[in-house]
Amino acid sequence: MSTGNSTKITDELYQYMLDHNPPLDSVQRGLVARTYATFPDVAGMQSAEEQGPLLAFLVRLTGARHIVEVGTFTGFSALSMAQALPADGRIIACDVSEEWTAYGRQAWEEAGVADRIELRIAPALETLRAMPAEPHIDMAYVDADKESQISYWEELVPRLRPGGLIVTDNTLYHGTVLDESATGSAAGVRAFNDHVAADPRMDSVLLAISDGLTLSRKR
């Protein structure tokens, strides 16, 4: 049995990592700060700081022009991806909260990328099912309610172009994926991880980044 990586991420080592990654710009930094100040009880729903530069890197790496985001919250991840898109690139951002996403809209305007993001306030499954059925999505980022993740996956995979990428957040879910008797969101993540690992249409890796990040490429 593997004993895992012996490098433990202390606060100091985490800061060292951030210091050696691309820094957040002033708009990104301001949005992160406003989110924690305004929504302290749920600010953990925001994608981790290191995930912004990573998502931007993946957009550039894949040459993505058509991105779908499931779960936008206050808009940090959409902002990070939009800034990496070419001028003709577009993100369809799915969320159900006008209150949370209003902070994103403000930041997208400040960063000059609002024209690259189409926010759709509706249940994400409705938005996904209304999209063209043929493969046309280059990249998707899924960071929403965990009990619906398999449903999101099944709507996204057929619409993903060959070589396209799905990035799914929180796939370690604070370690609760180890609990075989888990319920609710933890059970949803466990079922999702098993579903993804068994899907012959995709090549996937689960990485210990932040709260777990799964990268899945369509064959």
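What you see is a predicted model; the values in this text were computed from it and never measured.
Panel note: side chain R116, backbone L85; a donor-acceptor pair is recorded below 3.5 Å. In this structure, the side chain of D145 does not engage the main chain of E147 through any donor-acceptor pair within 3.5 Å. Put simply, the side chain of T101 never gets that close to the backbone of G104: no donor and acceptor are under 3.5 Å apart. Side chain of D169 to main chain of D143: no donor-acceptor pair is present (N/O by atom type, distance under 3.5 Å, no hydrogens or angles). A donor-acceptor pair under 3.5 Å is absent between the side-chain atoms of R159 and the main chain of I137, judged by distance alone. A distance-only check finds no donor-acceptor pair linking the side chain of K146 to the backbone of A186 [under 3.5 Å]. Judged by distance alone, the side chain of R219 and the main-chain N or O of P200 form a donor-acceptor pair under 3.5 Å.
Here the CG-OG distance, from L31 to S26, works out to 11.5 Å after rounding to the nearest 0.5 Å. Note that CD1 of I91 is 5.0 Å distant from CD1 of I117, once rounded to the nearest 0.5 Å. Atom CG of residue N170 and atom OG of residue S210 lie 7.0 Å apart, to the nearest 0.5 angstrom. Separation of atoms CG (N21) and CG (L54) is listed at 8.5 Å; rounding is to 0.5 Å. How far CG of D211 is from OG1 of T171: 7.5 Å, rounded to the nearest 0.5 Å.
When all heavy atoms of P135 and K218 are compared, the pair lying nearest together is CG-NZ, 4.4 Å. Across every non-hydrogen atom of R34 and A107, the tightest pair is NH2-CB, 4.1 Å. Listed here is the closest heavy atom pair of C94 and A124: CB-CB, 4.0 Å. When all heavy atoms of V27 and A111 are compared, the closest pair comes out as CG1-CB, 4.1 Å. When every heavy atom of S216 is checked against every heavy atom of V196, the shortest pair comes out as OG-CG1, 3.9 Å. Nearest approach of E69 to M81, heavy atoms of both residues: OE2-CE, 3.5 Å.
V142 and L79 sit in two unconnected hydrophobic clusters of ILVMFWY residues. Membership requires side-chain heavy atoms under 4.5 Å apart, directly or through other members. Transitive grouping of hydrophobic side chains (ILVMFWY, heavy atoms separated by less than 4.5 Å) brings I166 and I92 into a common cluster. Residues Y141 and I209 share a single hydrophobic cluster, defined by chaining ILVMFWY side chains whose heavy atoms lie under 4.5 Å apart. Cluster annotation: I121 and L125 are assigned to distinct hydrophobic clusters (Ile/Leu/Val/Met/Phe/Trp/Tyr, side-chain heavy-atom contacts under 4.5 Å, transitive). Hydrophobic clustering (side-chain heavy atoms under 4.5 Å, transitive across Ile, Leu, Val, Met, Phe, Trp, Tyr) groups M45 together with L55.
Looking at M131 and V68, their side chains come closer than 4.5 Å, going by heavy atoms from C-beta outward. Looking at heavy atoms from C-beta onward, E99 lies in side-chain contact with F39 at the 4.5 angstrom threshold. When side chains are defined from C-beta on, T168 does not count as touching Y152, because their heavy atoms never get closer than 4.5 Å. By the 4.5 Å heavy-atom criterion applied to side chains, P23 and L18 are not counted as neighbours. Between E154 and H195 the shortest side-chain heavy-atom distance falls below 4.5 Å. Annotation: side chain of W153 is in contact with side chain of M202 (closest heavy-atom distance under 4.5 Å). Residues Q51 and Q46 fail the side-chain proximity criterion, which asks for heavy atoms closer than 4.5 Å. Counting heavy atoms from C-beta on, the side chains of V189 and Q149 come closer than 4.5 Å.
Looking at residues two or more places apart in sequence or on another chain, you find a side chain to side chain contact (heavy atoms under 4.5 Å, CB included) between A64 and V59, T62, I67, D138, M139. Judged as a side chain to side chain contact (heavy atoms under 4.5 Å, CB included), and not counting sequence neighbours, the contacts of E134 are P132.
More than 12 non-hydrogen atoms from other residues, nucleotides or ligands lie less than 6.0 angstrom from CD of Q15.
Donor-acceptor pairing under 3.5 Å is recorded for the side chains of Y14 and E50.
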### Task
Show your working on side chain to side chain contact (heavy atoms under 4.5 Å, CB included) between L61 and L165 and close with a plain yes or no.
CA-CA 10 Å; L61 183 68; L165 186 68; over 6 Å; no
### Task
Start with the C-alpha distance between Q28 and S80, add both sets of side-chain angles, then the distance that settles side-chain hydrogen bond (donor to acceptor under 3.5 Å, both in side chains), and finish with yes or no.
CA-CA 8 Å; Q28 291 173 318; S80 300; 3.2 Å; yes
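Within the structure, the ring pair (Phe, Tyr, Trp, His ring centres under 6.0 Å) test picks out the following pairs touching residues 44-91 (sequence neighbours left out): H66-H136, F73-W100.
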